[in-house]
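Sharing a structure here in structure tokens format.
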Amino acid sequence: MRDWILHVDLDQFIAAVELLRHPELRGRPVVVGGSGDPTQPRTVAATATYEAREHGIHSGMPLRTALKRCPDAIFLPSDPPAYEAASTRVMAVLREFPVLVEIWGWDEAFIGATTDDPETLAAAIQQAVRDRTQLTCSVGIGDNKHQAKLASGLAKPAGIHRLTSDNWAETMNHRPTDALWGIGARTAKKLAALGLHTVAQLAAADPAHLARHFGPTNGPWYRYLALGKGEAEVVTTPWIARGHSRETTFQHDLTDRTDIAHHVATLATQVAHDADEAGRQIARVSVKVRFTPFLTRTRQSKLPTPTTDPATVEQTALTILDRFDLTRPVRLLGVAVDYTLPPSDDQPTLEALE
DNA sequence: TCTGGGGTCCTAGGACCC
DNA sequence: TCTGGGGTCCTAGGACCC
């Protein structure tokens with residue numbers, strides 16, 4: 001018996017939930033996103049079925065482009081509450097196993113398990129999820145979260161794959177650095193400029209050299225990832241959000257100052273209400289403005305005292321807005337807040353100590 | 001391909017203080 | 001006093017992920 005980390009990843013989660021509601025669409029190219037109107041500008045696909053992908057459609061693609069690529073595609077509106085509900089049912093199934101479960105978004109979870117047959121456990125999880133929710137998932141098995149996460153990607157669709165320190169090098173060494181979880185296109189390009197193209201090359205790089213180019217934390221961390229290392233602790237306590245935000249991309253640019261201020265005030269009020277509902281205090285307010293064509297700027301300020309008062313948050317956001325040069329047309333406005341850390345039960349407050 | 005929305009974490013530079 | 005060095009806080013931006 002030994003410890004394993006499993007990563008459960010639902011296959012095509014959003015599309016799969018939609019196909020359960022619309023079984024007649026099975027086998028057809030389906031694209032989900034926005035309000036489901038593919039003629040709307042500035043709206044992108046949340047997901048696309050395998051049939052739609054065959055036409056070159058992928059998530060993040062503007063719906064108008066998707067429509068051009070596949071005029072016969074079915075476009076459905078995004079329905080977050082339905083995905084939330086489906087996710088809750090899946091996570092409940094996972095929790096019935098004698099394992100630790102760490103939920104990682106709508107369609108993923110890490111599992112900590114002690115067994116000498118992780119493949120049998122993985123198959124039992126897949127079977128239970130399928131029986132109870134009609135959804136399929138891929139399961140990755142690893143020594144840590146990083147390995148398990150990459151393994152579930154290799155297992156898709158609906159498969160099981162084991163990626164541990166034993167087969168890490170043979171599986172990963174020849175792959176590009178952005179195959180690693182946490183290295184994206186930007187970092188991969190910078191690494192390539194240093195002559196580091198593959199996972200093997202990154203694993204053999206000098207940590208001090210990486211630190212000079214990517215900072216004291218990130219540089220050595222990239223090499224660590226290339227060696228197949230990673231976090232192995234499964235945290236079952238609910239995640240405590242660090243902050244919250246709301247933003248809106250407008251179909252038509254905003255140019256009128258009063259109009260812009262009105263939208264910022266509305267977003268600020270919403271965010272303050274969200275915080276209040278979540279029982280959290282706001283410590284800092286940020287305003288985000290995206291100008292056309294696509295230039296994004298943020299300004300922020302720390303509140304003198306934490307609050308959830310909508311009027312204070314609104315006034316702060318409007319004062320921050322005054323610091324922007326609003327001579328260019330605006331395509332997006334956003335308001336974000338940082339929360340204070342919630343009072344912790346196991347950490348006595350200063351007052352309690354006195 | 002004219003590029004959503006909601007998150008997290010890290011870095012760098014300036015202000016300020018001793 | 002044409003000048004050191006460290007520590008902390010704050011802000012803006014970047015990168016990544018789903």
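Numbers restart at 1 for each chain; the letters A, B, ... are given by sequence-line order, proteins then strands. All values below were derived from every heavy atom in this structure, side-chain atoms included, with hydrogens, water molecules and symmetry-related copies excluded.
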*asked:* Under a 3.5 Å cutoff, is there a donor and acceptor pairing between the side chains of A:Ser165 and A:Asp143?
replied: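 A donor-acceptor contact under 3.5 Å links the two side chains.
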*Is there a donor-acceptor contact under 3.5 Å linking the side chains of A:Gln281 and A:Thr307?*
no
*Return the value, rounded to whole Å, for the distance between atom NE2 of A:His55 and atom C1' of B:dT1.*
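These atoms are roughly 17 Å apart.
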*Output yes when A:Glu84 and A:Arg89 qualify as a salt bridge under the 4.0 Å nitrogen-oxygen rule, no when they do not.*
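Salt bridge between A:Glu84 and A:Arg89, a charged N being under 4.0 Å from a carboxylate O: no.
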_Under 4.0 angstrom between A:Trp106 side-chain N/O and B:dG6 OP1 or OP2_ =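 Indeed not, no polar side-chain atom of A:Trp106 lies that close.
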*Among B:dT11, B:dT1, B:dG5, which nucleotide sits nearest the side chain of A:Arg69?*
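Of the candidates, B:dT1 comes closest.
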_A:His244 vs B:dG6: side-chain N/O to OP1/OP2 distance below 4.0 Å_ = no
*Checking all strands, does A:Lys189 fall into the base, sugar-phosphate, or nothing category for heavy-atom contacts under 4.0 angstrom?*
nothing
*A:Asp338/A:Arg242 salt bridge by N-O under 4.0 Å criterion*: no
*Which word best sums up how the rings of A:Tyr83 and A:Trp106 line up, parallel for under 30°, tilted for 30 to 60°, or perpendicular for over 60°?*
perpendicular
*Counting side-chain heavy atoms from CB outward, which of C:dG13, C:dC18, C:dA12 is closest to A:Asp107?*
C:dC18
*Short side-chain N/O contact to C:dA12 OP1/OP2 from A:Thr298, under 4.0 Å*: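 Negative; the distance criterion is not met.
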*Listed in order of residue number, which residues of residues 273-288 of chain A have a non-hydrogen atom at under 4.0 Å from DNA chain B?*
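Contacts with DNA chain B under 4.0 Å: none.
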_Whole angstrom value for the distance that separates P of B:dG5 from CG of A:Leu333_ = 11 Å
*Counting heavy atoms from C-beta on, name the nucleotide in B:dG6, C:dA15, B:dT1 closest to the side chain of A:Arg246.*
B:dG6
*Check whether the side chains of A:His146 and A:Glu231 place a donor and an acceptor atom closer than 3.5 Å, and report yes or no.*
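Absent: no donor and acceptor within the cut-off.
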*Among side-chain atoms of A:Asp117 and A:Thr115, is any donor-acceptor pair under 3.5 angstrom?*
no
*Tell me whether the OP1 or OP2 atom of B:dC9 has a side-chain N or O from A:Trp221 closer than 4.0 Å.*
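No, because none of the side-chain N or O atoms of A:Trp221 sits under 4.0 Å from OP1 or OP2 of B:dC9.
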*Presence of A:Lys190 side-chain N/O under 4.0 Å of C:dC16 phosphate oxygens OP1/OP2*: no
*When you check the phosphate oxygens OP1 and OP2 of C:dA15, does a side-chain N or O of A:Arg186 lie under 4.0 Å from one of them?*
yes
*Salt bridge or not for A:Arg2 and A:Asp116, using N-O below 4.0 Å?*
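Salt bridge flag = no for A:Asp116 with A:Arg2.
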*What does A:Trp181 touch in the nucleic acid at a heavy-atom separation under 4.0 angstrom: a base, only the sugar-phosphate, or nothing?*
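Result for A:Trp181 = sugar-phosphate.
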*Of the listed nucleotides C:dC18, B:dG4, B:dT11, the one nearest the side chain of A:Thr217*: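 Nearest to the side-chain atoms of A:Thr217, counting from C-beta on, is B:dT11.
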_Most 5' of A:Asn218 and A:Pro293 on DNA chain B, judged by nearest nucleotide_ = A:Pro293
_Both A:Thr65 and A:Ser59 contact DNA chain B. Which one's nearest nucleotide lies toward the 5' end?_
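The answer here is A:Thr65.
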*asked:* Treating A:Trp168 as the side-chain partner and A:Lys229 as the backbone partner, does any N or O pair qualify as donor plus acceptor under 3.5 Å?
replied: no
_Over all strands shown, is A:Pro216 touching base, sugar-phosphate only, or nothing at heavy-atom distances under 4.0 angstrom?_
sugar-phosphate
*So does A:Ser245 get a side-chain nitrogen or oxygen closer than 4.0 Å to the phosphate oxygens (OP1/OP2) of B:dG7?*
yes
*Base, sugar-phosphate alone, or nothing: which one does A:Gly243 contact when heavy atoms must sit under 4.0 Å apart?*
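The residue A:Gly243 makes sugar-phosphate contact but no base contact.
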*asked:* The side chain of A:Trp239 is closest to which nucleotide in this list: B:dC9, B:dG4, C:dG13?
replied: B:dC9
*Going by atom types only, do A:Ser87 and A:Asp107 share a side-chain donor-acceptor pair under 3.5 Å?*
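The criterion, which ignores hydrogens and geometry beyond distance, is not satisfied for A:Asp107 and A:Ser87.
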*May I ask you to decide if A:Phe250's main-chain N or O and A:Arg42's side chain share a donor-acceptor pair within less than 3.5 Å?*
yes
*Looking only at side-chain N and O atoms, does A:Arg64 come under 4.0 Å of OP1 or OP2 in B:dT1?*
no
*So, is A:Arg331 close to the B:dG4 phosphate, meaning a side-chain N or O under 4.0 Å from OP1 or OP2?*
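True: A:Arg331 side-chain N/O within range (under 4.0 Å) of B:dG4 OP1/OP2.
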*Would you classify A:Gly105 as touching base, sugar-phosphate or nothing, given that sugar-phosphate means primed atoms plus P, OP1 and OP2, and contacts are heavy atoms under 4.0 Å?*
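Here A:Gly105 touches no strand at all.
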*Measure from the ring centre of A:Phe294 to the centre of the six-membered ring in the base of B:dT3, then say whether that distance is under 5.5 Å and the planes meet at under 30°.*
yes
*Decide whether A:Asp37 and A:Ser35 meet the rule of one side-chain donor and one side-chain acceptor closer than 3.5 Å.*
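Result is no, nothing qualifies.
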_Contact under 4.0 Å: A:Arg242 side-chain N or O vs B:dC9 OP1/OP2_ = yes
*Across the strands shown, which category fits A:Thr296 at heavy-atom distances under 4.0 angstrom: base, sugar-phosphate, nothing?*
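Nothing: the residue A:Thr296, judged by heavy atoms under 4.0 Å, touches no strand.
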*Just how far, in rounded Å, is P of B:dA12 from CZ of A:Phe214?*
12 Å
*Classify the nucleic acid contact of A:Ala241 as base, sugar-phosphate or nothing, counting any heavy atom under 4.0 Å across all strands shown.*
sugar-phosphate
*Rounded to whole angstroms, how far apart are CD on A:Glu231 and P on B:dC9?*
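It works out to 12 Å between those atoms.
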*asked:* Pairs counted only when both distances fall under 3.5 Å, Watson-Crick or G-U: show me the 5' to 3' dot-bracket for DNA chain C, [ ] for pseudoknotted crossings and | for other-strand partners.
replied: ....||||||||||||||
*OP1 or OP2 of C:dA12 under 4.0 Å from side-chain N/O of A:Arg323*: yes
